[in-house]
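Each remark here refers to the structure printed beneath this line.
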Amino acid sequence: SPVVAMALVAAARECVRRMLSESPGMKCLVVDKWTLPCTTAAYTQSEILAQEVFLVETLGDASDEEMRHLKAVVFVRPSRESINKLKEALRRPRFGEYALYFSNVVAESDLQELADADVEERVTAVHEYFADFNPLDELHFSVALPARGGGNAALLAPGAWDPSAQTLACERACEGLCAALLALKRRPAVRYAGRSEAARRVATGVARAIEGDPVLYDFRSRDGAAPLLLVLDRRDDPVTPLLSQWTYQAMLHEIIGLENNTLDLATIGARGPKELGAQLVVAASQDPFFKANMFENYGDLGANVKTLVDEFQSKTKSNQNISSIEEMQRFVDNYPEFRKLSGNVSKHVTLLSELSRVIDERQLMSVSQQEQELACTDGMSAAYEGVLSLLSNHALREQEKLRLVMLFGLRYERSGGRNLQTLLDRLEETGVPRQRCALVRTLVQVAGSAARTGDLFGDKTFFARAAGNVARGLRGVDNVYTQHVPALASHVDAARKGRLREGDFPFAGAAPGGGAS
């Protein structure tokens with residue numbers, strides 16, 4: 001089962017559980033800016049309190065008050081910034097004991113510096129617990145890249161634009177991937193998108209780390225076949241992130257903004273339920289309804305929220321008919337769960353209501369239909385007229401207009417030069433700044449057909465075009481808003497069947513003898 005193989009939240013929870021249980025008694029949990037998201041994704045505040053944690057602090061941001069009666073459980077990433085702050089904390093210790101836990105491999109030189117700083121010998125334990133990533137759910141995690149140099153943009157842009165920024169980003173991506181592999185106890189074969197320099201550097205970095213420490217990565221696959229780590233480049237599929245999304249989790253991320261499973265309704269001018277406020281946690285590990293519906297489409301989601309409301313109303317009515325002391329006691333015992341359910345119902349009703357409001361205000365259904373036509377249908381004249389018409393719609397935001405023109409530029413990169421210029425001129429006439437309009441040309445330059453691995457639009461050969469038309473004819477279209485299938489799906493399917501072309505996706509490090517699963 002892929003869920004068993006990628007139990008990311010469970011791995012992070014186990015790290016936090018072991019850290020807190022190994023220091024019994026009253027304690028303070030000290031984290032840094034890197035480990036805080038991982039900790040909050042793994043454990044709720046009430047769960048942390050249940051582990052006798054009476055205080056949670058960020059390394060370097062605390063007061064000077066001494067609390068010798070508390071133990072400090074320090075969970076930090078072994079970055080230079082955190083090592084320096086930890087040295088300062090050990091020189092002037094505030095707690096009775098310090099148990100140090102690092103989220104990734106820590107250098108011996110850093111340990112020596114910490115030992116020199118611990119003049120009062122307060123450190124009682126030092127461990128490496130691999131959780132140098134942010135687990136979003138059991139199947140997905142993110143790695144925060146250094147803000148210096150543009151963060152994720154450093155991996156997307158050509159390395160020649162800012163070599164030092166891309167080096168920092170590649171190193172950080174390698175560290176996060178290695179930590180995830182160690183947390184999941186996996187030693188994979190590593191492959192990468194052949195045309196991507198950033199993918200090659202990340203894949204090579206991971207492969208070298210594995211080969212350089214065979215004892216640390218000494219994990220055996222149960223069926224004998226090595227798992228596969230496939231490093232892809234977003235430039236190989238710039239279309240998918242430009243399309244409007246219609247599943248619950250994706251809509252929350254796209255329309256409101258989901259950061260480490262937390263969203264802020266204030267970004268769309270909403271307040272949220274009175275009992276919960278505008279900032280809401282939406283995590284599959286803590287919310288059964290969201291876990292069951294995160295991949296449901298917009299239409300089915302509405303029906304499922306209605307069912308949730310009906311079930312809650314049924315329970316509310318049953319609680320109104322209390323006629324005995326036993327029933328009263330049962331209600332009191334169940335009240336915390338009842339209150340939690342009430343908050344969950346309010347949260348999802350509010351989220352669905354706000355999503356519906358924004359979709360109508362921004363006319364995202366009309367935009368999405370045109371986006372899907374651009375991504376899935378080859379017809380430049382109709383696409384040009386459709387995009388030109390939508391650019392004149394005053395209800396559309398600058399972002400939606402830009403995405404439409406970007407999609408047109410990518411789709412008709414070779415044949416639509418004149419029409420693209422007309423669209424860019426019209427885009428500027430509607431009030432979009434010239435600098436923003438220039439992003440269209442930049443995107444085509446950075447992620448155009450010459451920079452991509454594979455045949456994104458299925459139009460590089462006559463046979464690919466014919467096969468695509470036949471497939472669409474046989475399959476039909478159930479939903480005009482979800483016709484597009486990301487390139488990732490075909491890559492994963494080819495990898496599963498052992499059909500990834502080595503010319504397009506070469507191995508980093510030694511190729512496995514028995515194949516990859």
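Values below: every heavy atom of this structure, side chains too, minus hydrogens, waters and symmetry copies.
- Inspection of the Asn304 and Glu296 side chains reveals no N or O donor paired with an N or O acceptor under 3.5 Å.
- Counting only N and O atoms by type, the side chains of Gln421 and Arg441 include a donor and acceptor under 3.5 Å apart.
- The pair Arg357-Asp360 does not count as a salt bridge, with every side-chain nitrogen at least 4.0 angstrom from each carboxylate oxygen.
- Here the straight-line distance linking atom CG of Leu390 with atom CD of Glu371 works out to 9.5 Å at 0.5 Å rounding.
- For the pair Lys401 and Glu429, the salt-bridge criterion is not met [side-chain N within less than 4.0 Å of a carboxylate O].
- Atoms CG and NE2, on Leu374 and His484 in that order, are 11.0 Å from each other to the nearest 0.5 Å.
- His348 contributes atom NE2, which lies 9.5 Å from atom CG of Leu280 (distance to the nearest 0.5 angstrom).
- With a 4.5 Å cut-off on side-chain heavy atoms, Leu232 and His491 count as touching.
- Between Tyr412 and Phe408, the ring planes lie tilted relative to each other; the angle falls in the 30° to 60° range.
- The pair Lys291-Asp287 fails the salt-bridge criterion, with no side-chain N (NZ, NE, NH1 or NH2) lying under 4.0 Å from an Asp/Glu carboxylate O.
- Using a 4.0 Å cut-off between a side-chain N of Lys or Arg and a carboxylate O of Asp or Glu, Glu171 and Arg201 do not qualify as a salt bridge.
- Remark: side-chain polar atoms of Arg191 are not paired, donor with acceptor, to backbone N or O of Phe507 under 3.5 angstrom.
- Only one option out of Asn344, Val309, Leu308 pairs with Val349 in a side chain to side chain contact (heavy atoms under 4.5 Å, CB included); it is Val309.
- A salt bridge is absent between Asp236 and Arg452; no separation between the charged side-chain nitrogens and carboxylate oxygens falls under 4.0 Å.
- Of the possible polar contacts, none joining the Thr262 side chain to the Leu258 backbone as a donor-acceptor pair under 3.5 Å is found.
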Practice task
Assess whether ring pair (Phe, Tyr, Trp, His ring centres under 6.0 Å) is satisfied between Phe290 and Tyr248, documenting all intermediate values.
Solution key: CA-CA 8 Å; Phe290 183 66; Tyr248 194 16; 5.6 Å; yes
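- Taking a 6.0 Å sphere around CZ of Arg397, one finds it holds more than 12 heavy atoms contributed by other residues, nucleotides or ligands.
- A distance of 13.0 Å separates CG of Leu423 from CD of Glu428, quoted to the nearest 0.5 Å.
- Atom OG of Ser79 and atom NZ of Lys33 lie 7.5 Å apart (nearest 0.5 Å).
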